There are 2 protein chains.
Amino acid sequence: MKPAIAQRSFTVAVESPCRLPTSHRPAAVQTSHRRDEEPQGQRQRVGQHAHIFREGDRADRLYQLVDGAVMLYKLLPDGRRQVVELLSAGDVFGLSALPVYDCSSETLVASNVIAYERAAVEQSPELLRRLSAHVHAQLCALHEHAVLLGRKSALERVATFVMHCVPGRGGFDCAGPRCGGDSAVVRLGMTRQEIADYLGLTLETVSRAFSELRRRGIIAIDKQEEVRVHDVCRICQLTGAH
Amino acid sequence: MKPAIAQRSFTVAVESPCRLPTSHRPAAVQTSHRRDEEPQGQRQRVGQHAHIFREGDRADRLYQLVDGAVMLYKLLPDGRRQVVELLSAGDVFGLSALPVYDCSSETLVASNVIAYERAAVEQSPELLRRLSAHVHAQLCALHEHAVLLGRKSALERVATFVMHCVPGRGGFDCAGPRCGGDSAVVRLGMTRQEIADYLGLTLETVSRAFSELRRRGIIAIDKQEEVRVHDVCRICQLTGAH
DNA sequence: CGTTCACTTGACTTGGCTCAATTCAAGTGG
DNA sequence: CCACTTGAATTGAGCCAAGTCAAGTGAACG
């Protein structure tokens with residue numbers, strides 16, 4: 001049960017560059033770029049379920065997600081895992097207080113990221129400013145998640161997670177209980193185990209919570225990864241936040 | 001059981017300025033300063049157990065802790081509370097993705113803070129850069145805390161908390177198991193309830209965990225707020241991180 | 001010297017975990 | 001096209017860690 005953290009490696013799973021529309025050279029170690037020292041960073045395409053970096057790797061670059069989805073997770077020595085952030089377009093990751101990364105990053109789906117040299121970012125005020133806005137939003141999301149992990153029941157956690165997946169809802173800008181029987185079809189994009197590791201539960205408990213929601217007629221599970229939410233408002237009511 | 005969040009107010013509990021060594025004027029609403037528009041921000045002294053801002057207040061300024069201790073917490077509508085961050089000197093708070101604060105901030109002990117206008121910070125690259133370093137460290141601390149809340153047992157949580165209180169240990173720079181029977185006396189500076197709200201437990205469970213540590217001869221509780229740690233290494237072993 | 005407030009401890013309850021079996025969906029190959 | 005394999009999800013049964021409720025203790029203070 002010893003964790004994957006032991007397999008330290010410079011995991012840079014760049015997808016076959018032939019899919020890139022730009023004239024990007026298929027450089028071996030992805031360090032070269034069109035113009036050297038460009039502060040705008042370097043775009044990379046990363047395949048599904050690939051690690052961009054691992055906990056403990058040297059943290060000499062940081063990343064911004066252009067599109068796709070990435071999860072950040074940490075492992076305890078005995079193998080327990082906690083997904084600490086779920087990232088979507090615009091989010092920043094790879095920041096660290098130490099010279100090494102504090103967590104691992106893995107794509108949930110094929111994604112595009114921009115890589116910046118850590119030193120370059122500290123040099124460029126404009127870049128720092130642009131990234132900061134996103135970092136602050138992520139800070140708030142982490143606060144919210146701490147409430148979930150520390151104080152919410154299993155059902156509330158899953159309800160919160162489903163809300164989070166509904167486009168335009170569940171975030172900071174969620175309009176709250178603007179009821180009206182609005183339904184939505186939601187792609188989870190994660191396995192039950194990954195959801196469990198995000199919500200601080202076991203996969204069985206997550207499964208039971210979904211079943212409970214189905215039993216109550218609040219959701220229907222179409223294709224195991226696809227959830228039909230009949231009434232978004234009713235789920236929102238179960239999150240504990242209203 | 002309805003929460004204190006209902007009592008919205010502009011809680012700026014500035015301590016009696018006569019204790020200030022500087023020639024700070026006892027301004028009524030603390031907006032004036034020696035030189036207007038100073039990007040360096042404005043120093044304030046805040047008494048113990050005072051709110052600097054509350055969840056939902058307009059977030060037009062952000063703060064850096066000079067000395068003392070501050071906790072940030074969030075409330076659920078039914079009164080459940082989660083302390084989301086414990087801050088010490090240098091830490092930044094009051095950042096938000098929205099125009100209002102996402103959490104409340106309360107001093108644990110009398111503290112000094114520097115208040116910056118939110119707009120001014122975005123203008124000043126140097127200031128932003130200086131604050132960012134701390135923000136990144138706090139991000140890592142939040143990741144660490146998510147692991148605690150999501151995956152650690154009650155005893156592991158309390159052990160982690162005690163480690164966190166040992167000066168120079170438990171943080172990112174903790175040397176790990178450099179054993180050698182080093183003891184330490186630790187001031188908690190928080191009630192059992194506050195600790196519980198930080199660790200996602202109840203105050204009874206926190207109390208039992210302390211008793212268990214005492215029973216095992218790992219700590220001794222001198223004055224209820226003061227814990228004598230006989231062997232830091234043994235506590236560290238119980239945190240789940242080693 | 002009583003009052004208060006924080007903490008501790010005990011008895012009981014329960015939500016979520018563990019372990020194990022079953023179902024379901026999606027290949028794979030004969 | 002169907003039997004088989006494989007991996008993920010669901011469901012059930014039992015258990016235990018942590019929560020709840022209720023005393024009891026002890027230090028601080030007027």
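Worth knowing before you read on, the calculation uses all heavy atoms, side chains too, and leaves out hydrogens, waters and symmetry mates. Treat the numbers as computed from the prediction; the structure is a model and nothing was measured. Per chain, numbering begins at 1; letters A, B, ... match sequence-line order.
- A search for side-chain hydrogen bond (donor to acceptor under 3.5 Å, both in side chains) contacts involving A:Glu85 returns A:Gln138, B:His143, not counting sequence neighbours.
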Pairs under 3.5 angstrom only: tabulate donor-acceptor contacts from the side chains of residues 204-211 of chain B to other protein residues two or more places apart or in another chain.
{"residue": "B:Thr205", "atom": "OG1", "partner": "B:Thr202", "partner atom": "OG1", "Å": "2.9"}
{"residue": "B:Ser211", "atom": "OG", "partner": "B:Ser207", "partner atom": "O", "Å": "3.1"}
{"residue": "B:Ser211", "atom": "OG", "partner": "B:Arg214", "partner atom": "NH2", "Å": "3.3"}

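- If you measure from atom CD of B:Glu226 to atom P of D:dA28, you get 12 Å, rounded to the nearest angstrom.
- If you measure from atom NZ of A:Lys152 to atom C1' of C:dG15, you get 17 Å, rounded to the nearest angstrom.
- Taking A:Glu225 as the reference, A:Arg187 meet the salt bridge (charged side-chain N to carboxylate O under 4.0 Å, His left out) condition, with sequence neighbours excluded.
- Straight-line distance from the CD atom of A:Glu212 to the P atom of D:dG12: 12 Å, rounded to whole Å.
- Sequence order on DNA chain C of the closest nucleotides to A:Ala154 and A:Lys223 puts A:Ala154 first from the 5' end.
- In this structure, A:Leu72 and A:Cys103 approach most closely via the heavy-atom pair CB-SG, 3.9 Å.
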Taking only nitrogen or oxygen atoms into account, show me every contact under 3.5 Å that the protein makes with nucleotides 7-10 of chain D, one pair per line with its distance.
{"residue": "D:dA9", "atom": "OP1", "partner": "A:Arg192", "partner atom": "N", "Å": "3.3"}
{"residue": "D:dA9", "atom": "OP2", "partner": "A:Arg192", "partner atom": "N", "Å": "3.3"}
{"residue": "D:dA9", "atom": "O4'", "partner": "A:Gln224", "partner atom": "OE1", "Å": "3.3"}
{"residue": "D:dT10", "atom": "OP1", "partner": "A:Arg192", "partner atom": "NH2", "Å": "3.2"}
{"residue": "D:dT10", "atom": "OP2", "partner": "A:Arg192", "partner atom": "NE", "Å": "2.7"}
{"residue": "D:dT10", "atom": "OP2", "partner": "A:Ser207", "partner atom": "OG", "Å": "2.8"}
{"residue": "D:dT10", "atom": "O5'", "partner": "A:Ser207", "partner atom": "OG", "Å": "3.1"}

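- The shortest heavy-atom contact between B:His242 and A:Pro77 is N-CG, 4.1 Å.
- For A:Asp222, the salt bridge (charged side-chain N to carboxylate O under 4.0 Å, His left out) test picks out A:Arg228, with sequence neighbours left out.
- Listed by first and then second residue, the side-chain hydrogen bond (donor to acceptor under 3.5 Å, both in side chains) pairs involving residues 88-98 of chain A amount to none (not counting sequence neighbours).
- Taking atom CZ on B:Arg157 and atom P on D:dA17, their separation rounds to 14 Å, with Å as the unit.
- Remark: C1' of C:dT8 and CZ of B:Arg215 are 11 Å apart, rounded to the nearest angstrom.
- Comparing the end axes of the helix from C:dC1-D:dG30 to C:dG30-D:dC1, each fitted to five base pairs by superposing C1' atoms of four pairs onto the next four, gives an inter-axis angle of 20° (nearest 10 degrees).
- Here A:Thr107 pairs with nothing under the side-chain hydrogen bond (donor to acceptor under 3.5 Å, both in side chains) rule; sequence neighbours left out.
- Residue A:Leu155 is the one, among A:Asp222 and A:Leu155, whose nearest nucleotide of DNA chain C lies closer to the 5' end (criterion: closest heavy atom).
- Note on A:Thr202: every side-chain N or O is 4.0 Å or more away from OP1 and OP2 of C:dG16.
- Looking at residues two or more places apart in sequence or on another chain, you find a side-chain hydrogen bond (donor to acceptor under 3.5 Å, both in side chains) between B:Arg81 and B:Asp197.
- Note: CZ (B:Arg151) to P (C:dG16) measures 13 Å, nearest angstrom.
- For the pair B:Ile195 CD1 and C:dC7 P, the interatomic distance rounds to 8 Å; values are reported in whole Å.
- B:Asp197 has its CG atom 11 Å from the P atom of D:dG19, to the nearest Å.
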